Novice: 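My questions all concern the structure below.
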Amino acid sequence: MIHLPTPTAFSFTETLRFLTRNEKECLHTVKGETIFKLLEIDGELVLFSINFLDSSLQITIHTPITSPKSSPQERTLFEFVKKYVQNWFDLEANLTDFYKTAQNDEILANLCQRFHGLRMVGMPDLFESLVWSIIGQQINLNFAYSLKERLVKNFGKSLVYNDETFFALPTPEKLANLSLEDFQPHQFSRSKAQYILNISRAFADGNLSQRDLEKLPFEEIREKLVQIKGVGNWTANYSMMKSLKNYDAFPVEDVGLHNAVKTQYSLEGKPSIVTLNLMSEKWSGWKGYATFYFWHSLLG
DNA sequence: TACCAGGATGTTG
DNA sequence: CAACATCATGGT
């Protein structure tokens, strides 16, 4: 059991609400108040679950640990999982600072009150956020979840535990060795399939790595990402906010954001990119976080 | 039926 | 450089 204290401003309820927003989600499972996640780490499957108790996240690893008890290897795995959850639920962000910034904008401040303690539910794995955002390009979320489900269940590894099957994201290496034809029966457009192959090969070949990327300043990261065919401004910023802790990354082209802003500000129509860029100046430093809060408002 | 979905790219004028 | 077509399907 791993014990992970949470900061004062942390809402497990809102986190769960986000995690259960779509029934087709297959990269994590929520059973009651318990979250299950399967990861493939260095070729090995690791299943763990998370509970919230006494202001702490309690993490339990369910797959057998091959290394001896209290060995360095075991400690490394524990540290990895702990770090993963810390990143996933963004426990280290300074929410107070975000809330202070939000005071510049009455509407956003209101959302901050409604969702107090909501931290960005991210994707600790950059490859995952890139794959997911490419899948999500241009199509509605429901269809995007269908495509993701097919990708994961057809090409990813799985594990059965207590009569339940859990799924892990296919590795870059696995996807890199596929061809366009492998995607066709699953109703990926050719371009979408090609884009996924592009990033998979970039990761598999070592041309792109999260470790190298996260050392770079904001604009250099964005430029590196946009160089990959299939990754535009929206995708790059989405991944930067969800995986690289760039809280000011701003996917201004996002249709969900447009709809949320239209509703929250009671606008006649959806805001233009120019308008939205102007509006976002009030959220400066936290544009990505503001975006996440606006998305959350779409859940009702 | 037409139009829009958590866009990006290639082509055309 | 801006406007437009294309993608592949589900929802409204």
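Naming: A, B, ... by sequence-line order, numbering from 1 per chain. Small disclaimer: the values here were computed from a predicted structure and weren't measured.
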Novice: Both A:Asp254 and A:Val226 contact DNA chain B. Which one's nearest nucleotide lies toward the 5' end?
Specialist: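 Checking each residue's closest nucleotide, the 5'-ward one belongs to A:Asp254.
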
Novice: Looking only at the aromatic ring of each residue, does the gap between the centers of A:Phe98 and A:Tyr247 stay below 6.0 angstrom?
Specialist: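 No, the ring of A:Tyr247 stays outside the 6.0 Å limit from the ring of A:Phe98, centre to centre.
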
Novice: For B:dA8, does either OP1 or OP2 sit under 4.0 Å from a side-chain N or O belonging to A:Thr235?
Specialist: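 For A:Thr235, the contact criterion (side-chain N or O under 4.0 Å from OP1 or OP2 of B:dA8) is met.
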
Novice: Looking only at atom C1', what distance separates C:dA3 and B:dG6, rounded to whole Å?
Specialist: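 Here C:dA3 and B:dG6 have their C1' atoms 24 Å from each other.
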
Novice: Do the side-chain N or O atoms of A:Gln138 get closer than 4.0 angstrom to the phosphate oxygens (OP1, OP2) of B:dA5?
Specialist: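 No, because none of the side-chain N or O atoms of A:Gln138 sits under 4.0 Å from OP1 or OP2 of B:dA5.
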
Novice: If I pick the P atom on B:dA8 and the same atom on C:dG10, what distance separates them, to the nearest angstrom?
Specialist: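 To the nearest whole Å, 23 Å.
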
Novice: Which nucleotide sits closest to the side chain of A:Asn142: C:dA8, B:dG6, C:dG11?
Specialist: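 Nearest to the side chain of A:Asn142 among the choices is C:dG11.
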
Novice: Distance check, C1' atoms only: C:dA2 and B:dA5, in whole angstrom units.
Specialist: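 My reading of the C1' atoms in C:dA2 and B:dA5 gives 24 Å.
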
Novice: Using heavy atoms to find the nearest nucleotide of DNA chain B for A:Ile228 and A:Asn259 separately, return the residue whose nucleotide is more 5′.
Specialist: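 Nearest-nucleotide comparison on DNA chain B picks A:Asn259.
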
Novice: Measure from CZ on A:Phe250 to P on B:dG7 and round the result to the nearest Å.
Specialist: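 Going from CZ in A:Phe250 over to P in B:dG7 covers 14 Å.
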
Novice: Under 4.0 Å, counting only non-hydrogen atoms across every strand here, what does A:Leu298 touch: a base, just sugar-phosphate, or nothing?
Specialist: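 Nothing, no nucleic acid heavy atom in range.
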
Novice: Side-chain contact, heavy-atom cut-off 4.5 Å: A:Arg21 with A:Arg17?
Specialist: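 Result no, sub-4.5 Å side-chain heavy-atom pair not found.
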
Novice: Let me see the working for A:Leu57 and A:Asn51 under side-chain contact (heavy atoms from CB on, under 4.5 Å), right down to the final yes or no.
Specialist: CA-CA 6 Å; A:Leu57 293 172; A:Asn51 282 295; over 6 Å; no

Novice: Considering every strand and a 4.0 Å limit on heavy-atom distances, what is the contact class for A:Tyr238: base, sugar-phosphate, or nothing?
Specialist: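 Base contact - A:Tyr238 has a heavy atom under 4.0 Å of at least one base atom.
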
Novice: Out of B:dA5, B:dG7, C:dG10, which has the shortest distance to the side chain of A:Gln187?
Specialist: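 Selected nucleotide (nearest to the side chain): C:dG10.
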
Novice: Give the nucleotide from the list C:dA8, B:dG6, B:dT9 with an atom nearest to the side chain of A:Leu141.
Specialist: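 Comparing C:dA8, B:dG6, B:dT9 against the side chain of A:Leu141, the answer is B:dG6.
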
Novice: Using a distance-only test with no angle check, is there a side-chain donor-acceptor pair under 3.5 angstrom linking A:Trp286 and A:Asp248?
Specialist: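 On atom types as modelled, these side chains do not qualify, holding no pair under 3.5 Å.
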
Novice: Distance criterion of 3.5 Å, no angle test: do you see the side chain of A:Asn140 paired donor-to-acceptor with the base of C:dG10?
Specialist: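 Answer is yes: a donor-acceptor pair is held.
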
Novice: A:Lys229 near the nucleic acid: base, sugar-phosphate alone, or nothing, with a heavy-atom cut-off under 4.0 Å?
Specialist: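 If one applies the 4.0 Å heavy-atom cut-off, A:Lys229 turns out to touch the sugar-phosphate alone, with no base involved.
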
